[in-house]
Every structure is written in C-alpha cells, then in structure tokens.
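Beneath this line is the structure, given in structure tokens, with notes to follow.
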Amino acid sequence: LRNVKPVPYYAPQVILAARATKSEVDMLQACPLAALGRGEAHRVASNPPIAVFHTDDGELFAIDDTCTHQDASLADGWLEGDQVECPLHASQFNLRTGAVDAPPAKLAVRTHRVVVDDAGMIIVELTDAEPNLPPRR
Amino acid sequence: VKHVAVIGASLAGLSAARALRAQGFDGTLSIIGAETQRPYDRPPLSKEFLAGAVTVDDLALERADEDLSADWRLGVRAERLDAAAGEVYLSDGGRLSADGIVLATGASARRWPGPQPRTGVHVLRTLDDALALRAELVAGTRLVVIGAGFIGAEVASTAVALGAYVTVVEVAPTPLSGPLGVQMGALVAGLHSSHGVTLHCGIGVTALLGADRVTGVRLTDGRQVPADVVVIGVGATPNVGWLQDSSLDLTNGVHANAAGVTSIVTIVAVGDCSAWLQPHTGEHRRIEHWMAAQSRPAIAVKALLAGPSHYEPVRERAPYFWSDQYGVRIQFAGHCRVDDDVTIEIGAADEASFLAVYRRAGEPVAVLGVDQVREFTRWRRQLS
C-alpha cells in the first residue's frame, strides 16, 4: 500500500481533490481498510459503481463493478489471486489490468488507483477512461 | 508436439486453442468448425438473443484484437479419423496430419423422431436455429414447447415475454428432477404457471399435427394442443458419429480420463462431445455445462502437451450452471442425487428468492440459488 497525503473525511462520497498535478481527480471514499478483510470485496454505489477488492495476498484493487458482458456486480464474484470471476456467467477479469482472462466478456473493465489515507480510509482515484458498460436490455 | 488440430470451433474448441497458445504451444494450430460462423456464445440463443435484445456481434466469443495464429477452416466438417496415422479427413476433401488432436465437436439437438410437418417445427442449438425460431415468435403466436428442461423453459420464458401463448409438455412427472432433484425441480417449474405458461407434466407427445405447416400436437391421452410453432427441447446427442471407425470408446460421448485424455494418448476430448472419468464415482459422465466447455480444455491441453508420462491429478471446481427464466436467475453448483437432503437456508419456497443446500450424510454436496447471486457464489466456492 502506498501512503499518500491524508485525505480529510468528507461526508459526500465524491470529492474533488485540489491537486496541482491533475486538473480534477475524482476520488471516492470506499470504506475503512479495517472493515475490508482479505478475500473480501466492497461495492461503492457510485455511477458507475466501483468494486474494491482486498486479495488474500493483502493487495487492494479497484475496478468497475459492473461486468462488461451483462449487468452483474463483480463485488459479488469469486475472488482468487488477482482475478475475479463474474458471479453469473463466469467471465474472468484481471484486477491489475482489467483485461478479460475468460469469456463470455470481451471488453476490459476499467481499473482505478487505490490508496489508503492516514486515517485508514480506502480511497479510489477514478480513471478518466471511458467505461465499457454491458449492452442495455 | 508440432501440429495440433482442434476439431470444433465453439466454446470448447476456442478455449482449447487459447489454452494451447497460453501454455506456450508455438507449433501449427488448425481449427476445424462445421458451422460457418466464428465462435459464438450459445446460452443467449434461448434468452437475450431470441428476445432480440442482443445482436450477432454481441454473441462473438473472440475479442477484436485476438490472434491465435491459427489456420481456421470454417464450414468444414471432420468426417473420419485415422487415429493410428493421426489424420483427420475433412468434408472439403482435405486431410490434416497432426500429432495432437483435440476433439471438441459438441452435440446436436435431438430432433422429433417421427414424421413432422414441413414448417413450424424447431430445435434450438445453433445461431441459424435461433434466427429461424425468432422469425416466427411474434405476439399472439401459439407455441408448444416439448420438454421442460432448461432450454425448453428458457424458450417458454422468452416467448411469453414476446406475447406468445405458450404451452410446455413434459413427459416426466416433475421437470428438472435430474439436475435439481424432485423437490427443487417442482419449485423452479412453478415459474411457468406463475408467468402465464401452461405446463403439462407426466404426459408425452405422440404426434406433430399438420401437413405443410404445424397445427398442433397430440398428447398420449388423446388431447390435442393447437400450435403455430413447436419447439423440440429434449436434449442433445454428442457429435461422435464421425469417430466410429476409430478405436475410441464412444458410449454417450468420447470417453476420456480425468484430464481429458482418451485411450489414444495424442487425442484429448473436451466439451459436450466428451465424457470424462469422474474420480469420485468411477463413471464416465458427459457434463454439458457451458462452464465445463470453458474451463476443462486448459486441463486437457496441459496433459496433451506434457505427454503420457506426466499426468497430474486434477482438482476441479464443483460443476456450475445457470439458467435465466422469467427474469429470475437460477444457479446450481455441485452434484445432486435423488436421496440428498435439501434444506432452504435463505428465503422460503414460496418466496421469489431463496437458496437451497443439498446434503449427503450431513455434508453439503450442492447448492441452488434463485435470485441469490452473492450468497450462491459464497456457497459455490465452499463446495469447491
């Protein structure tokens, strides 16, 4: 885990960090690290929703929560190593890259940078890439 | 191994080709597919695709940037295997010589065994089947589905949502009693009547009526059910006829060991055409789940590349399948038997959402989830 400058607690979930390096970085407070055990996932009900994973090896990853194949929450999926398997149709995504490791999905999920602030809160820095959302039905 | 021929270009064949490359095979890779389409996903054919909610492009299994450096021969059938010579004879007159062969020819929908009207009678297995059925499923159509298995139930569910009048006829007293057991099979089959579909159980069909166009079906008790469209959903048979000259055991699928290797060590079998040895029962069983076609090829390819002296025991996850009907997500994992104890652990039988656990001698052996995705996945993981 990389330590960054403390991010103070804000009540609204989406906060804009005033940073010189990037004009506007969307940041989400996910949950306290202490509340997310190894092997567990947390779904942030943002738009689109984000899934934060704490792997058995102690790493934290954040990806888009919605499977790119069909509307399913990857936070409900099967976490193994640095992969998550969609709980419905078993598409597998690499948590480091977002790439599809197994079908039926074909499009990657976005990955987001994760940091833990000095207060122990998991912060997700949203990427500015376009999400790959599943076909509407 | 210098040349591997993958016979079959659906999920199992594609997964085998991917696994070969992922495991470092850099020799010649030939992929033979009887259908003209690139590999596509079949589960949506009875659901979203039949409903018109997704396109042919959505069904494609390959990614846009994917390149397996393979010699694809689509619209070509394998017609004969000379196992001793490692040669596969093709329907276009060609012949392939390979020192590794992956059998992934899948299965074909069982058709109506007797005489049938020229039009209006369908099976559902391929993209062409789905396109033909979709063209006839308009609002007001009277549809009779023969067989209340998963394909039949999904077609009924999609058709009723399109405005068809649907009757399902099932010869067994309880639908889905094989995969889900009697108690849960009855519960899941209750979705039909609660969504306006008529279900006749314990009754067979003796004839499809009509000369040119189907007009109905006759039941074993003499009743007639009028129909504009009939779908036959009574299972599938493995595509192994072309292997008859080989020495392979073809009793309900190509017999293979628990790593997919057949009695000829340079030949492996995967997907719906294969019957792998189940170590816990000592029997060969054909598992027709999508998940098996996706995950087992990597095991078989590993054994093929390693050669006969390197078999490792394989630990597989519990078998898993799903079905979407009437907007309900049905998920099942594990092995169930008729004498298992089934208890509902979340929700209740009369609720829209519940989770049931199957136990044998007190140990959980299978789990059924109905709109319980998160808890089902936890249980599925525990079973593995």
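Proteins come first, then strands; the chains are lettered A, B, ... in the order of their sequence lines, and each starts at number 1. Just so you know, these numbers come straight off a predicted model, no measurement behind them. Because only heavy atoms are used, hydrogens play no part in the values below, and waters and symmetry mates are left out as well, while side chains stay in.
Atom NZ of K302(B) sits in a sparse spot, with 12 or fewer heavy atoms from other residues, nucleotides or ligands closer than 6.0 Å.
Interface check for chain A: of the options R381(B), R63(B), R374(B), the most heavy-atom pairs under 4.5 Å are formed by R381(B). Contact tally against chain A (heavy-atom pairs below 4.5 Å) for S15(B), A60(B), G52(B), G369(B): the top residue is A60(B). When each of Q294(B), R329(B), M291(B) is checked for heavy-atom pairs under 4.5 Å with chain A, R329(B) comes out on top.
In this structure the side chain of K106(A) never reaches within 4.5 angstrom of the side chain of E66(B), judged on heavy atoms.
Interface remark: L11(B) contributes side-chain atoms only to the contact with chain A (heavy atom separation under 4.5 Å). Interface remark: L88(A) contributes backbone and side-chain atoms alike to the contact with chain B (heavy atom separation under 4.5 Å). For S323(B), no part lies near chain A; criterion is any non-hydrogen pair under 4.5 Å. With a threshold of 4.5 angstrom between heavy atoms, R317(B) approaches chain A through side-chain atoms but not through N, CA, C or O. At a 4.5 Å heavy-atom cutoff, D65(B) makes no contact with chain A through either its backbone or its side chain.
The two residues P103(A) and W290(B) have their closest heavy-atom pair at O-CH2, 3.2 Å. Taking all atoms of both residues into account, the shortest heavy-atom contact from P87(A) to Q331(B) is O-NE2, 2.7 Å.
Annotation: cation-pi pair R378(B)/W78(A) absent, no NZ/CZ under 6.0 Å from the ring centroid and within 45° of its normal.
Annotation: the span from H89(A) atom NE2 to F321(B) atom CZ amounts to 13.0 Å, rounded to 0.5 Å.
The only option from P134(A), P104(A), P135(A) that meets the side-chain contact (heavy atoms from CB on, under 4.5 Å) definition with D58(B) turns out to be P135(A).
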